[in-house]
Structure formats: C-alpha cells, structure tokens
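Side-chain atoms are counted along with the backbone in the values below, which use heavy atoms only and exclude waters and symmetry mates.
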Amino acid sequence: MPNPHSADQQDKFKAPNAQRRVEVQRRDLPLHCPLPGASLWDSHPKVYIPIEESQDGHMLCPYCSTEYVLEPD
C-alpha cells in the first residue's frame, strides 16, 4: 500500500465519501465509514455503522451523512 502522506501517491486513493449513497452486501460487514481505499488524511475518524441492526437496511454515517444501503440476500 502506498504511503498516504506522500504527495506523489495521492492518485492511488479514492476521494473519501465521494459517493453519497453506497450499496453494501453482507460480505462487506462489519461496515465502517470511510470505506477501505479512501484517503484518510482528509476524511473523518473511522466509525462503525451497525446497518445489520437497521429495520429498513438504511443508515447514515453520523459524520458525513453518506447513506449506506444493505442489499437483500
């Protein structure tokens, strides 16, 4: 994995929370935001999203308001 603090490596990472709606599968659990592969230097602290406990399979990140949707099996 490239060093995220190196200016010449920033093109190797996705912008954090670039998507405002993210569909996830059960295999992606436990879910956390920001997602793996996002650059962390300009994002919020990692927070776990207990989407499997949601009644309707939808949850928002409390930091960035990205909507996560758990796809049915």
Side-chain angles (χ1 to χ4, degrees):
M1 179 170 195
N3 181 347
H5 303 292
S6 176
D8 63 338
Q9 297 294 321
Q10 292 306 304
D11 62 333
K12 307 285 191 276
F13 295 95
K14 294 180 279 183
N17 313 317
Q19 290 179 266
R20 301 311 289 170
R21 184 175 194 276
V22 178
E23 296 177 355
V24 295
Q25 305 289 323
R26 291 220 175 261
R27 68 176 180 260
D28 300 321
L29 301 179
L31 176 63
H32 58 81
C33 187
L35 293 172
S39 64
L40 299 180
W41 70 270
D42 60 349
S43 191
H44 58 71
K46 182 190 284 188
V47 60
Y48 284 89
I49 313 284
I51 195 167
E52 63 275 8
E53 298 172 9
S54 169
Q55 295 287 337
D56 62 358
H58 291 249
M59 287 198 89
L60 296 177
C61 172
Y63 284 100
C64 66
S65 299
T66 297
E67 177 186 18
Y68 290 95
V69 179
L70 184 61
E71 291 296 308
D73 292 331

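Rounding to the nearest 0.5 Å gives a distance of 6.0 Å between CZ of Arg21 and NE2 of His58. To the nearest 0.5 Å, the span separating CD on Gln25 from CD on Glu71 amounts to 5.5 Å. With rounding to the nearest 0.5 Å, the separation of CG in Leu35 from SG in Cys61 is 9.5 Å. With values rounded to the nearest 0.5 angstrom, Arg20 atom CZ is found 10.5 Å from Glu67 atom CD. With rounding to the nearest 0.5 angstrom, the CD1 atom of Ile49 is 12.5 Å from the CG atom of Leu70. Here the NE2-OH distance, from His32 to Tyr48, works out to 5.0 Å after rounding to the nearest 0.5 Å.
The same ILVMFWY cluster, assembled from side-chain heavy atoms under 4.5 Å apart, contains both Ile51 and Val47.
Using a 4.5 Å heavy-atom cutoff, the side chains of Pro50 and Met59 are in contact.
Note on ring orientation: taking the six-membered ring where Trp is involved, the planes of His44 and Tyr63 are parallel (angle under 30°, cut-offs 30° and 60°).
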Open item on the list: Would Thr66 and Val22 count as a side chain to side chain contact (heavy atoms under 4.5 Å, CB included) here? Give the steps.
Closed with: CA-CA 7 Å; Thr66 297; Val22 178; 3.9 Å; yes
TODO: Under the side chain to side chain contact (heavy atoms under 4.5 Å, CB included) rule, what do Tyr68 and Leu31 come out as? Steps first, then yes or no, please.
DONE: CA-CA 9 Å; Tyr68 290 95; Leu31 176 63; 3.7 Å; yes
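Of the possible polar contacts, none joining the Arg26 side chain to the Pro72 backbone as a donor-acceptor pair under 3.5 Å is found.
Annotation for Pro34 and Pro45: closest pair CD-O, 4.1 Å, computed over non-hydrogen atoms.
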